[in-house]
Asker: 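Before I ask anything, here is the structure I am working with.
Order of the sequence lines fixes the chain letters, A, B, ..., with proteins taken first and strands second; residue numbering starts at 1 for each chain. Computed from a predicted model, the values in this text were never measured in an experiment. Any value given below was found using the heavy atoms of this structure, including those in side chains, with hydrogens, waters and symmetry copies removed.
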Protein chains: 2
Amino acid sequence: MDYKKQLAEFFKEVDERCILGLSIDCVIFGFYDNQLKVLLLRWKQTEEWGLPGGFIYKKESVDVAAQRILEERTGINELFLQQFHTFGEDVRYNRQEISQKLNWPDLSTRRWPDRTVSIGYFALVDFSKVTPAADFLTDECRWWDVENLPALLFDHNHIVEVALKTLRVQLSWQPIGYNLLPEKFTMPELQRLYETILNRSLDPRNFSKKMRALGIIERLEEQRRGGAFKSPYLFRFNKEKYRKALQEGNLAFS
Amino acid sequence: MDYKKQLAEFFKEVDERCILGLSIDCVIFGFYDNQLKVLLLRWKQTEEWGLPGGFIYKKESVDVAAQRILEERTGINELFLQQFHTFGEDVRYNRQEISQKLNWPDLSTRRWPDRTVSIGYFALVDFSKVTPAADFLTDECRWWDVENLPALLFDHNHIVEVALKTLRVQLSWQPIGYNLLPEKFTMPELQRLYETILNRSLDPRNFSKKMRALGIIERLEEQRRGGAFKSPYLFRFNKEKYRKALQEGNLAFS
DNA sequence: AACCTGTATGTATTAAATACATACTCAATA
DNA sequence: TATTGAGTATGTATTTAATACATACAGGTT
């Protein structure tokens, strides 16, 4: 059976099983090599990249659907996952352009709905624990540097931008890092994560002071060896205190 | 024609004209008498209250739909309107209970979808400019004190809570008030707005200092007369500076 | 004229944010 | 084995922002 037939069958099942006209798009952030990364998929038989996404089963909570989609793509289920915006523009992208790019010469492969509203989720995941996995529609799944994304399909560049903006705002009143860093990390690594997300440099003395004052990390005796320099101490998050800080937030206004 | 027939006809039109399975719910906040208010609708021939809401035309942006719904309910079009969350639980409420409460003995009045995902918007409006207007499905539209809402239909109490939480968080990094207060207002009025939203009292000396330091309000020569006490000065927002503060935000983390 | 109510405002104290420079350690190299 | 370099660790002084707190004023009422 060739790809087109398979595709038609696939969409037939989606149409029967899932809510029509509503989809989920996921911006999966990871951190590696001092860069914030996003997990992207390359669509079958094309060079076109887009966000992982999917549809919602008729009797499935949207949050659960997002979790399912993420687990399929990353292989992990312990992650920070948050809805951040619903994209409901009447024309979100040029349909003709998309069908060309995806080599769907006509849209008859499925009963393509007039328009699709998409619910955006972003996830923060530990880069080292992820096994990127392509799905039925795609050939390749891999990390891209968030500052250097290609032109994505649909309105996915826009969706990434909104996710990133949300992440930045969130950083100002919630701790971030638990799901982006490995269990043990050094202070400079944590700092670089913050610097990357905020896109500006921070003073290491003040950063260290502030972070430790928050009381959500604890220093271990252990140090990381191997570098041609003073060995940095390792830290880890205090899970309980981190969780509390997440819930309570730290409102700036007083 | 009796209400049931009209209802069936109404929903028939909705089903033809609108996206299925997706709705909008609006939490419209106003401020009056030192209380934060929410605009609610009473469903026809019942004592049941719920949020204003509606459906999205097939070729209409969701944002535009929300604006349309709001304008229909409040009569004003200059307002602060923001999407805050999409409610996609697989079971958002007890359908049987709802159909009883609304006196829809069977659901055959329409092809009721299996489940509805609802996009929540909240609006901040100038209480004094609003003319609450009921719609086809409802008998009455009026303001309710946000701290004293009745048990609402569907999951609307939950939706109000999430809206309120969003509003509180937003207050910590964005200015709020332009759309909730009349053009000219006194410092104590502004303070009471903040106190109401934050649900705690603030020191008037520090509040005044901080607010004026933000540079988004300007004091007028004019004073408000009539009270049996020292006449308070009137202030108004500097629209341009307010707009900038809105856009830029004031991230707390540094 | 005395009183009441809500408004206006300044200062001292504390806490947080910022700015800034030097010493250390380990590995690589000369 | 002495030197160098890169990256890490840390403390203090300064500035700014947040907090705590009390009294005088104006306009109407009695």
Asker: Rounding to an integer number of Å, can you tell me how far B/Lys210 NZ sits from D/dT16 C1'?
Answerer: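 About 13 Å, once rounded to whole Å.
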
Asker: Give me the atom names and distance for the closest heavy-atom approach of B/Tyr233 to B/Leu220.
Answerer: CD2-O, 3.6 Å

Asker: Which pairs of donor and acceptor atoms, one on a side chain in residues 122-133 of chain A, lie under 3.5 Å apart (sequence neighbours left out)?
Answerer:
from     : atom 1 : to       : atom 2 : distance (Å)
A/Asp126 : OD1    : A/Ser128 : N      : 3.0
A/Asp126 : OD1    : A/Ser128 : OG     : 2.8

Asker: Taking side-chain contact (heavy atoms from CB on, under 4.5 Å) as the definition, give me every residue that meets it alongside A/Arg142, ordered by chain and number, with sequence neighbours left out.
Answerer: A/Trp49, A/Glu140, A/Trp144

Asker: Expressed in angstrom and rounded to an integer, what is the separation of B/Asn34 atom CG from C/dT7 atom P?
Answerer: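 It is 9 Å, rounded to the nearest whole Å.
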
Asker: Can you pull out every salt bridge (charged side-chain N to carboxylate O under 4.0 Å, His left out) where at least one residue sits in residues 172-199 of chain B? Sequence neighbours excluded, please.
Answerer: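 Residue pairs with at least one partner in residues 172-199 of chain B: B/Lys184-B/Glu222, B/Glu189-B/Arg224.
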
Asker: Please list, for nucleotides 8-13 of chain D, all pairs of protein and nucleotide N/O atoms separated by less than 3.5 Å.
Answerer:
from   : atom 1 : to       : atom 2 : distance (Å)
D/dT8  : OP2    : A/Arg192 : NH2    : 2.9
D/dA9  : OP1    : A/Tyr233 : N      : 2.6
D/dA9  : O4'    : A/Lys230 : NZ     : 3.4
D/dT10 : OP1    : A/Arg219 : NH1    : 3.1
D/dT10 : OP2    : A/Arg212 : NH1    : 3.4
D/dT12 : O4     : A/Lys209 : NZ     : 2.8

Asker: Using rotation axes that map the C1' atoms of four end pairs onto the next four (five pairs an end), what angle separates the end axes of the helix from C/dA1-D/dT30 to C/dA30-D/dT1, to 10°?
Answerer: 10°

Asker: Give every donor-acceptor pair under 3.5 Å between a side-chain atom in residues 32-39 of chain B and any protein atom, sequence neighbours left out.
Answerer:
none

Asker: Using whole Å, what does the distance between atom P of nucleotide C/dG6 and atom CG of B/Leu190 come to?
Answerer: 19 Å

Asker: How many Å lie between CD on B/Glu221 and P on C/dA8, as a whole number?
Answerer: 13 Å

Asker: For B/Phe154, give me all partners under ring-ring contact (aromatic ring centres under 6.0 Å, His included), at least two apart in sequence or on another chain.
Answerer: B/Tyr93, B/His156

Asker: Is any side-chain N of the basic residue among A/Arg236 and A/Glu218 closer than 4.0 Å to the acidic one's carboxylate O?
Answerer: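 Salt bridge present between A/Arg236 and A/Glu218.
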
Asker: May I have the distance from B/Leu214 (atom CG) to D/dA17 (atom P), rounded to whole angstrom?
Answerer: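 The answer, rounded to whole Å, is 11 Å.
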
Asker: Can you sort out the partners of B/Val64 under side-chain contact (heavy atoms from CB on, under 4.5 Å), two or more places apart, ordered by chain and number?
Answerer: B/Glu60, B/Ser61

Asker: Sort and list the pairs that fulfil salt bridge (charged side-chain N to carboxylate O under 4.0 Å, His left out) and have at least one residue in residues 143-166 of chain A, not counting sequence neighbours.
Answerer: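 Residue pairs with at least one partner in residues 143-166 of chain A: A/Arg92-A/Asp155.
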
Asker: Tell me, please, which residues at least two apart from B/Glu240 pass side-chain contact (heavy atoms from CB on, under 4.5 Å).
Answerer: B/Asn238, B/Arg243, B/Lys244

Asker: Considering residues at least two apart in sequence or located in another chain, which fulfil the side-chain contact (heavy atoms from CB on, under 4.5 Å) criterion with A/Thr138?
Answerer: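 For A/Thr138 the side-chain contact (heavy atoms from CB on, under 4.5 Å) partners, ignoring immediate neighbours, are A/Leu41, A/Trp43, A/Ala134, A/Asp135.
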
Asker: So which protein nitrogen or oxygen atoms get under 3.5 Å of nucleotides 28-30 of chain C's nitrogens or oxygens?
Answerer:
none

Asker: Rounded to whole angstroms, how far apart are CG on B/Leu198 and C1' on D/dA18?
Answerer: 15 Å

